[in-house]
Structure formats: structure tokens, C-alpha cells
Amino acid sequence: MSPSRVLVLNSGSSSVKYQLLDMRDGSRLATGLVERIGEQTSRLKHTCATGGGTREQNGPIADHEAALKAVAEELARDGLGLDSPELAAIGHRVVHGGMFFTEPTVIDDAVLTEIERLVPVAPLHNPANLTGIRTARALRPDLPQVAVFDTAFHTTMPEAAARYAIDPKIADRYRIRRYGFHGTSHAYVSRETARLLGKAPEEVNVIVLHLGNGASASAVRGGRCVDTSMGLTPLEGLVMGTRSGDLDPAVIFHLARVGGMSMDEIDTLLNKGSGLFGLCGDNDMREIRRRIDEGDEQAKLAFDIYIHRLKKYIGAYCAVLGRVDAVAFTAGVGENAAPVREAAVAGLEGLGLAVDPEANAVRADGPRLISPADARVAVAVVPTDEELEIAEQTYALVGSKPGSNHGGAGE
């Protein structure tokens, strides 16, 4: 029997999330998180789904190499080690693939070089992704390793949607265009939404709203992305937990010239000190709703700004798509915050959008419709599963193209 397991790694700047899946049925054999890498208070939380339970270790983990070695040891304790002959590949989430990588790609030195070239447009993400890849390759140099890119799903956008209105020569020289992110989630959720409607993805137009601490919207026509809210970086678009989203670019000039702020200070402000957190001091939607219930006006204003931006994108993507079959809410806020879903479509009855209050209030694990039975446009809650999407793309590539070194398309 050929190997059927895929280890999915999502390496952040100070964390590693991982899942081991059996691709025969998509089941999770183990999951875990290493956080606060490089600190004295590092923590590894590991759960074995096959009977090993949950284990936790606390103490300093110096770097990503040490983190992945610790993960390998935990997996080995459950008989699921990296040396297992049942392990087919390791799939890595890579945030930015530019226009070069349009598909999942088997990693070799040339691929690593290209991912590194994209660091200037993804300085917070690609370096951490690279560290995870290099460490995993060192631990299992004989095993296929696959990069699955957040940006790949959005490379189908037409030039009219992907281009900014600046000098094309300058844009091309510095790779400035709308790339989009959360692509694995948008791909998975748009496909699952079609399945929920009993149709093929090619038959359905979907607006996907990925609402977590990071948030993005996409317009998906017949299974292909035609527009998305994030741009050159994950800063553009919706109001997020700590990011501003859309902003007049002149605000940056104003803060530099009048406010005397440095570029680094402005970068930190817009990425880490804005959004819901900047508006009211909280980026947890549950806490914001609690404060609103207690009459907190600042929390209410933050919520209203969040919803206003979200509603604008829903309306814009209705115009982009022309015909909308469904609006799908996903990710932490989208899946769990009924008030957000209700407020986002309130007043959009003219576009065929409405939620059934009782259906919207129900909490459930699987995909479900929350619109009235006679609604012209379905409104759905579809839990995302980025790890399964990464694992499926990895396994499909390794299974269908053994020995392949390149799944991208040239610029």
C-alpha cells in the first residue's frame, strides 16, 4: 500500500501549527501548536486523535529547528514519527507566491530562491515560511515537500481587477499588483458552498467572506476567483482585528510629514495598532459584542465601521459577479458571530440577501444555510479547513506527478 499520510506545517514568525492527516479518508491523526518560539515561556500542545490524548510541554524552545524536532518527537511517541514509511509528503503553507506560483509546487532549491525573492512583499510571513521549509527539509531530505500558496487561488483574477492604476513600468519593476491572500480558505469554502447547494463549482457564483483576525472577501465565478479584497499585502480590504484595511494612501504621507512618524512606525500602526483593536482596544469580536451589550459606545462604533466596510464589499462583489448564488461566511468570526452575519446583510434585501434569525442563531459544526427557504441568494455558514485543503493539494501533486520539481507558471 502506498504512503497515505501528509504532515501540514504552518510556520509563523514565532509559532508552528501542524496537522498529520490520513488522505485515505481525510482524518486527522494528530494536531498541535508550538508557540512563543525563542522565548523562555515556549509551549508545545500536541493532541493525538488515535488514543494518545493531549500532552503539553512548557519551557524554552530556541528556534524553529528545535520546534520541529520537538514536534517530531511528539509524533514519534504516538507511533506517527517523521520516519514512518506511511508519510507521503510534508505540505507547507506559504503566504506569498507572487505571480510565479499559480499551483502547489514541489520544493527544490530554485523554488526556495523564488520564495525568498518575494520577502519584500511579504516581510512578516515568507521568512517564517522559509524557515519551516528549510528545517523540515533538513529533517527529511528524502521526502517530497510541497509549497501551497495563499496567493495561488487569486491568480485567476483578470488584469482589470489585479492591476492598480499606477505606471505599469513601475508596477512591474516592483511587483506591485493585487495578489490576494487566504486563498486556500477561499478555494475550499467556495467549493464546499457549491456542494451545499447541490451544484458543481463551475455552476455557482459565490461571495466568500473569510472573517477572522485577518479578514478578506472574494468574488468567485464558476470556481475561479475574479476579485479579492486583499492586495499587494494582507493590509488592504476589510477592517480586521489589528489591520486598518482600505485607507486613503495620503494618510501615510500625512502621518510622515505632519505627524513626524517614521515608515516603520506607520507600518506598525496600520498592521498592528489599527482595525478593531485601534478603534476600541479589543480585537476579539466576543468581547466587543459583550461591551456593546453593556452600552459601550466605542465598541459599538468599531462594530459599525467593521460592518459598513463588509457591506460595501458584498455590494461591490454583487456588481462584479452580476449573478450571485450564495454568500458564504467562514473563519472564526464568520462561523461563530451570528450578530456579524445578521448585520452584514441587513438592508440588502434588494440584492436578494436575508438571514433567517432562528437558523442564524443555531450553532453547528458543519456547513449550513441560514437564509430563508425562499431566498433568491443563499446565505451560508461554511467552516473552513485550510489544513485539509493544503493536505489534499499536496497529496494530489505528489501522487499525480512523482518527481515533479515545478508546479508554477513563469512570470
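The environment of CD in E159 is crowded: more than 12 heavy-atom neighbours from other residues, nucleotides or ligands sit within 6.0 Å. Within a 6.0 Å radius of CZ in R363, other residues, nucleotides and ligands contribute 12 heavy atoms or fewer. Summarising the local packing, CZ of R224 is surrounded by 12 or fewer heavy atoms from other residues, nucleotides or ligands at distances under 6.0 Å. Counting non-hydrogen atoms of neighbouring residues, nucleotides and ligands closer than 6.0 angstrom, the NZ atom of K311 exceeds 12 such neighbours. By the 6.0 Å contact criterion, CD on E35 is enclosed, its count of non-hydrogen atoms from other residues, nucleotides or ligands being greater than 12. Around the OH atom of Y164, the shell of radius 6.0 Å holds more than 12 heavy atoms that belong to other residues, nucleotides or ligands. Atom CG of D25 sits in a crowded spot, with more than 12 heavy atoms from other residues, nucleotides or ligands closer than 6.0 Å. Counting non-hydrogen atoms of other residues, nucleotides and ligands closer than 6.0 Å to CZ of R163 gives a total above 12.
For H154 and F181, the gap between ring centers reaches or exceeds 6.0 Å.
Ion pairing between E65 and K69 holds under the 4.0 Å rule for side-chain N and carboxylate O. A salt bridge links R77 with E74: the distance from a Lys NZ or Arg NE/NH1/NH2 to an Asp or Glu carboxylate oxygen falls below 4.0 Å.
Scanning both residues, Y306 and V333, for their nearest heavy atoms gives OH-CG1, 3.8 Å. Here the closest non-hydrogen pair linking S2 and Y395 is OG-OH, 4.4 Å. Pairing each heavy atom of I266 with each of I252, the nearest pair is CD1-O, 3.6 Å. Taking all atoms of both residues into account, the shortest heavy-atom contact from G180 to T228 is CA-CG2, 3.6 Å. In terms of heavy-atom proximity, P367 sits nearest to L196 at O-CD1, 4.1 Å. Shortest non-hydrogen contact noted between G132 and L68 is O-CD1, 3.7 Å.
For S84 (side chain) and L80 (main-chain N/O), no donor-acceptor pair under 3.5 Å exists by modelled atom type. With N271 contributing its side chain and R243 its backbone, the two residues share no donor-acceptor pair below 3.5 Å. With hydrogens and angles disregarded, a donor-acceptor distance shorter than 3.5 Å links the side chain of R221 to the backbone of V320. Put simply, the side chain of H96 gets close to the backbone of L232: a donor and an acceptor are under 3.5 Å apart. In this structure, the side chain of R36 engages the main chain of T41 through a donor-acceptor pair within 3.5 Å. Using modelled atom types, no side-chain atom of R175 and backbone atom of G98 make a donor-acceptor pair closer than 3.5 Å. At least one donor-acceptor pair closer than 3.5 Å links the side chain of S190 to the backbone N or O of A187. A donor-acceptor distance shorter than 3.5 angstrom exists from the side chain of T105 to the backbone of E103, with no hydrogens or angles considered. Remark: the backbone N or O of A161 is paired with a side-chain donor or acceptor of R178 at under 3.5 angstrom. Remark: side-chain polar atoms of Q298 are not paired, donor with acceptor, to backbone N or O of G281 under 3.5 angstrom.
Of the residues listed (F101, F100, Y179), the one engaging F149 in a ring-ring contact (aromatic ring centres under 6.0 Å, His included) is F101, and it is the only one. Looking at T233, N129, T151 one by one, the single match for side-chain contact (heavy atoms from CB on, under 4.5 Å) with V95 turns out to be N129.
Between the CG atom in N213 and the CG atom in N283 there is a gap of 5.0 Å [rounded to 0.5 Å]. Atoms CD1 and NE2, from I133 and H92 in turn, are 5.5 Å apart once rounded to the nearest 0.5 Å. Atom CG of D282 sits about 6.0 Å away from atom CD1 of I288, to the nearest 0.5 Å. L279 contributes atom CG, which lies 11.5 Å from atom OG1 of T242 (distance to the nearest 0.5 angstrom). Atoms CD and CG, on Q57 and L44 in that order, are 4.5 Å from each other to the nearest 0.5 Å. The distance from atom CE of M157 to atom CG of D227, rounded to the nearest 0.5 Å, is 6.5 Å.
Partners of D150 under the salt bridge (Lys or Arg N to Asp or Glu O under 4.0 Å) rule, at least two apart in sequence or in another chain, are R93. For S42, the side chain to side chain contact (heavy atoms under 4.5 Å, CB included) partners two or more places apart in sequence, or in a different chain, are I61. Partners of T113 by side chain to side chain contact (heavy atoms under 4.5 Å, CB included), not counting sequence neighbours: none found. For S229, the side chain to side chain contact (heavy atoms under 4.5 Å, CB included) partners two or more places apart in sequence, or in a different chain, are S216, A217, L238, Y313, Y317. For E294, the side chain to side chain donor-acceptor pair (under 3.5 Å) partners at least two apart in sequence or on another chain are R290. Under the rule for a side chain to side chain donor-acceptor pair (under 3.5 Å), D356 has no partner lying at least two apart in sequence or in another chain.
No side-chain N or O of R137 forms a donor-acceptor pair with one of Q145 less than 3.5 Å apart. S27 and D22 share no donor-acceptor pair across their side chains, judged by distance under 3.5 Å alone. If you check the side chains of T384 and S185, you find a donor sitting under 3.5 Å from an acceptor.
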Evaluate the criterion salt bridge (Lys or Arg N to Asp or Glu O under 4.0 Å) for residue pair K300 and D296; output intermediate values, then yes/no. CA-CA 6 Å; K300 184 178 185 305; D296 188 316; over 6 Å; no
For a salt bridge (Lys or Arg N to Asp or Glu O under 4.0 Å) check, start with the C-alpha distance between R117 and E114, then their side-chain angles and the critical distance, and finish with the verdict. CA-CA 5 Å; R117 284 181 63 201; E114 185 61 25; 2.8 Å; yes
Criterion side chain to side chain contact (heavy atoms under 4.5 Å, CB included) on H46 and D78, from CA distance to verdict: CA-CA 10 Å; H46 172 89; D78 297 317; 2.7 Å; yes
H64 vs T131, test: side-chain hydrogen bond (donor to acceptor under 3.5 Å, both in side chains). Steps then yes/no. CA-CA 7 Å; H64 282 73; T131 300; 5.2 Å; no
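In this structure, I115 and I107 have side chains that are not in contact, with every pair of non-hydrogen atoms separated by 4.5 Å or more. L269 places a side-chain heavy atom less than 4.5 Å from the side chain of L255. The closest side-chain heavy-atom distance from E192 to V189 is not below 4.5 Å. Within the 4.5 Å cutoff, side-chain heavy atoms of M230 are placed close to those of M240. Here the side chains of C225 and H186 are not in contact, with every heavy-atom distance at 4.5 Å or above. Side-chain contact check for T394 versus V8: every heavy-atom pair is 4.5 Å or farther apart. Contact check for L20 versus R28: no side-chain heavy atoms found under the 4.5 Å cut-off.
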